[in-house]
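Just below is one structure, and these are the notes that go with it.
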Amino acid sequence: MKQFNEEESKYAASAKAFRANVTRDLGNEELRSNFRGAMDYLMAKRKDAFSSEDELEVLREQCKLIKQRCLAKLPHLLEQLEDKLETNGIKVHWAETITEANEIIAQLIAQKKGKTVVKGKSMVSEETALNDYLEERNVECLESDMGEYIVQLAKQHPSHIIMPAIHQNKQQVAKLFADNIDGFEYSTDVDTLIQQGRTILRDKFCQADVGISGVNFAVAETGTLCLVENEGNGRMCTTIPDLHIAITGIEKVVEHLSDVPPLLSLLTRSATGQAISTYFNMINSPRKEGEKDGPKEVHLVLLDNGRSQAFADEELRQTLQCIRCGACMNHCPVYTRIGGHAYGTVYPGPIGKIISPHMLGLDATSNLPTASTLCGACGEVCPVKIPIPKILLRLREESVKPKSDKPQVMQGQGAGRSNVEALIWKVWALVHKSPTLYALSMWGVTRFRFLMPKKLGGWTSVRTAPKPAAKTLHERLKSKQEKRAKQAKQSTNTASR
Amino acid sequence: MTNKSADINAISSKARGNILAKLKAEVSGADYDKLPEEIPYIYPEFSHEENLAQFISELEKNHAQVIQTTKEGIAEVISAELAALNITTLLCGEKCYGGNDVHRDVINGLDSNIELQPYDFSIDNNKELLFNECPAALSSSRCSIAATGTIVLWPDENEPRSLSLVPPVHFVIVDANKLHADFARLMAAEQWHDKLPTNVVLISGPSKTADIQQTLAYGAHGPKALIVLLLNS
């Protein structure tokens, strides 16, 4: 059994509280209207970005195959990436757990006596709860993506992987700034708010010793770290401070540089409907002799944290095709209603429901795969064709499988298993296998239908209890047939007379 | 704060071994010659004029200002734009990429009240100067991409990375003859996989964000204005 450390158990606990979180957030009208507005906006933007259905379908198939090829070669590509990066002067570190990743980063910072860190947007660093880890070690860690900055100021976590502060409206941001920033006068003008953020953060870029970023694609062929962004904070974090540390999951490696253009095109269009992001930043090495800027040291931390578990199963491996565009959450009817925080995990929405169980174990996340209507929207919009609904069904199965069943695919297998439910299905299967038992049970259900309870847990909280019919369909059809046969007989008798 | 600081090389090499062993166990015996063919989408071919129109239209959609001019006209355009913005200092590279000296003409032709600040210093002790005393910058570009309205910068010791990032106004010289249809064809044509510099950056507009209530705001962290000087001869 996996032993959780402090950071992990925090996320595990909040994922376990899923049902309570849902009740809390469904009742929050402001939050629901913020999500509804944002999701409608993002869906429309994506639709506009794909004017040709044909292009979209060809690109999706191509990108799916690219990612599947890169995963099929994953260990070799990781070695090639490491080799190329080291040749280019970028040091590579490996971490199996989030604590290892945090410890590596903390020590890299300590070696340089770093005190101030500016961070570009990185969901993997959210996954490792890096900010808390560094702050406990007296390193100031400031988020510089505007959305992340807002979320950090509000002492919250991102509610969306692309637009972290999507759960807040401008009035809430204005209040947050007025309450927390000296000299800021309440204003709901978005330009004023962004300029305020800019002023504060530019000072920080200027002063910071360390920049931390994520990675969108790591190219094995050339040893290139690619970053997609609109604001320029990613470029700031990877250009201005002396030390740049990038952190990413092991699944982000691609084989060829030529794999990047189609993936990039689908990523930005699926995410925000942009043909391309404002900046596409390709980092190949630290500052070279004679160059006037750029970090003197660049490090990459490669994190596993459950990904190799998903990798080991052919169906679940498809989870790792994800390029983190967020389209699945934008189109999810459940996400739109409950919002990103209710999931209690770093990655919310459909992709969160299928990746989090590998990071936190099914013990903490067995509720998540069931929080879906299986409407299929996520699978339909996924740019790399991850069959999310199918994987959700598979995870439901893994979560109710007997704990001892081999092979053990998932950490926490059987965590969602209920003995009563298992027994019900066993009886159901038995009854449906035997015609005699089936007929007998149907007879019983219809004749004793008055015994049906009026209250059936969650089902009757908003519905009336179902009541079995007085006769089974079989019986009714049978009696109808008999009646017809009788009538037919009578009419032949009349005719023959 | 529980665990004693283990040596990070030890952590990393143990993790490396474990991760690679797990992954390799799953792919042993895989036949990489049998992977399915990846069929790309074939984009239609456009004429140079169509590509140029697309390039300009995409850039303008993204709030960049595109000014068509000639090599001789650059100085005048920049002088006028700076005057309109009330800016009198312009940061520029010592030379263009690869040491090409075409900047000389521009520099000599600028209005006399514009003070030129050459980027001839290391950033290390000059961050304050770069952040606070350089309101505008001029850079060249390597080439551009029509489909997405994208300008490719290839920073080097003459034109550092932060030149196009830190000053709030960025002038960039783009040669219309170096326009490629799309990113994939550009990479193939220029054989990028053979040799890449320290950093390549693709720029498709001024810095922006929609992080507050999906409302677009320009000048998030990078330049608030991107002024493209398009040389079309």
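So you know, we letter chains A, B, ... as the sequences are listed, proteins then strands, and number each from 1.
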- Task: Under 4.5 Å heavy-atom distance to chain B, tell me which part of A/Ser52 shows up: side chain, backbone, both or neither.
- Result: side chain
- Between B/Asp124 and A/Arg287, is any pair of side-chain heavy atoms under 4.5 Å apart? yes
- Message: For a 4.5 angstrom cut-off between non-hydrogen side-chain atoms, does A/Phe280 reach B/Thr150?
- Response: no
- Note on the structure: Whatever's closer than 4.5 Å to a heavy atom in chain B on A/Ala38 counts as both
- Item | Which atoms of B/Thr198 approach chain A - backbone, side chain, both or neither, heavy atom under 4.5 Å | both
- Message: Given heavy-atom pairs under 4.5 angstrom as the criterion, report whether the side chain, backbone, both or neither of A/Leu78 touches chain B.
- Response: side chain
- Where on B/Ala210 is there a heavy atom nearer than 4.5 Å to chain A: the side chain, the backbone, both, or neither? both
- Message: I need the minimum non-hydrogen distance between B/Lys127 and A/Ala208, along with the two atoms involved.
- Response: NZ-O, 4.1 Å
- Item | Residue part contacting chain B, namely of A/His76, when any heavy atom lies under 4.5 Å | side chain
- Message: Under 4.5 Å from any heavy atom of chain B, what part of A/Gln274 do you find: side chain, backbone, both or neither?
- Response: side chain
- Message: Any non-hydrogen side-chain atom of A/Asp293 less than 4.5 Å from a side-chain atom of B/Leu130?
- Response: no
- Would you mind checking which part of A/Leu201 comes under 4.5 Å of any heavy atom in chain B, side chain (CB onward), backbone (N, CA, C, O), both or neither? side chain
- For A/Glu82, is it the side chain, the backbone, both or neither that has a heavy atom under 4.5 Å from a heavy atom of chain B? side chain
- Item | Taking every non-hydrogen atom, the tightest pair across A/Val92 and B/Ser12 | O-OG, 4.3 Å
- With a 4.5 angstrom heavy-atom cut-off, could you sort out which part of B/Lys208 is near chain A: side chain, backbone, both or neither? both
Can you give each donor-acceptor pair under 3.5 Å made by side-chain atoms of residues 25-37 of chain B, sequence neighbours left out, with the distance rounded to 0.1 Å?
unit_1, atom_1, unit_2, atom_2, d
B/Asp31, OD1, B/Asp33, N, 3.0
B/Tyr32, OH, A/Ala72, O, 2.7

- Item | Pairs where residues 61-74 of chain A contributes a residue and the test salt bridge (Lys or Arg N to Asp or Glu O under 4.0 Å) is met, not counting sequence neighbours | A/Glu61-A/Lys64, A/Glu61-A/Lys385, A/Arg69-A/Glu255, A/Arg69-A/Asp259, A/Arg69-B/Glu38, A/Lys73-A/Glu255
- Task: Below 4.5 Å from any heavy atom of chain A, which atoms of B/Asn199 appear? Answer side chain, backbone, both or neither.
- Result: both
- Message: Between A/Asp54 and chain B, with a heavy-atom cut-off of 4.5 Å, which part of the residue counts as in contact: side chain, backbone, both or neither?
- Response: both
- Minimum side-chain heavy-atom gap A/His93-B/Ile11 below 4.5 Å: no
- Message: Quick check: do B/Leu196 and A/Leu257 have side-chain heavy atoms less than 4.5 Å from each other?
- Response: yes
- Item | Counterpart residues, ring-ring contact (aromatic ring centres under 6.0 Å, His included), relative to B/Tyr218 (two or more places apart) | B/His63
- Query: Are any non-hydrogen side-chain atoms of B/Arg161 and A/Thr238 less than 4.5 angstrom apart?
  - Reply: yes
- Note on the structure: Bottom line for A/Leu264: the part with an atom under 4.5 Å from chain B's heavy atoms is side chain
- Chi angles and distances behind the salt bridge (charged side-chain N to carboxylate O under 4.0 Å, His left out) call for A/Lys121, B/Asp211: CA-CA 12 Å; A/Lys121 203 175 142 25; B/Asp211 272 357; over 6 Å; no
- Let me know if A/Gln111 has heavy atoms under 4.5 Å from chain B in its side chain, its backbone, both or neither. side chain
- Segment of A/Gln195 engaging chain B (4.5 angstrom heavy-atom cut-off): side chain
- Note on the structure: When the 4.5 angstrom heavy-atom criterion is applied to A/Arg307 and chain B, the contacting part is neither
- Region of A/Val301 that comes under 4.5 Å of a non-hydrogen atom in chain B: neither
- Against chain B, residues from residues 221-228 of chain A with at least one heavy atom under 4.5 Å, in numeric order, are A/Glu221, A/Thr222, A/Thr224
- Query: What part of A/Tyr41 is in contact with chain B, defined as an atom under 4.5 angstrom from a non-hydrogen atom: side chain, backbone, both or neither?
  - Reply: side chain
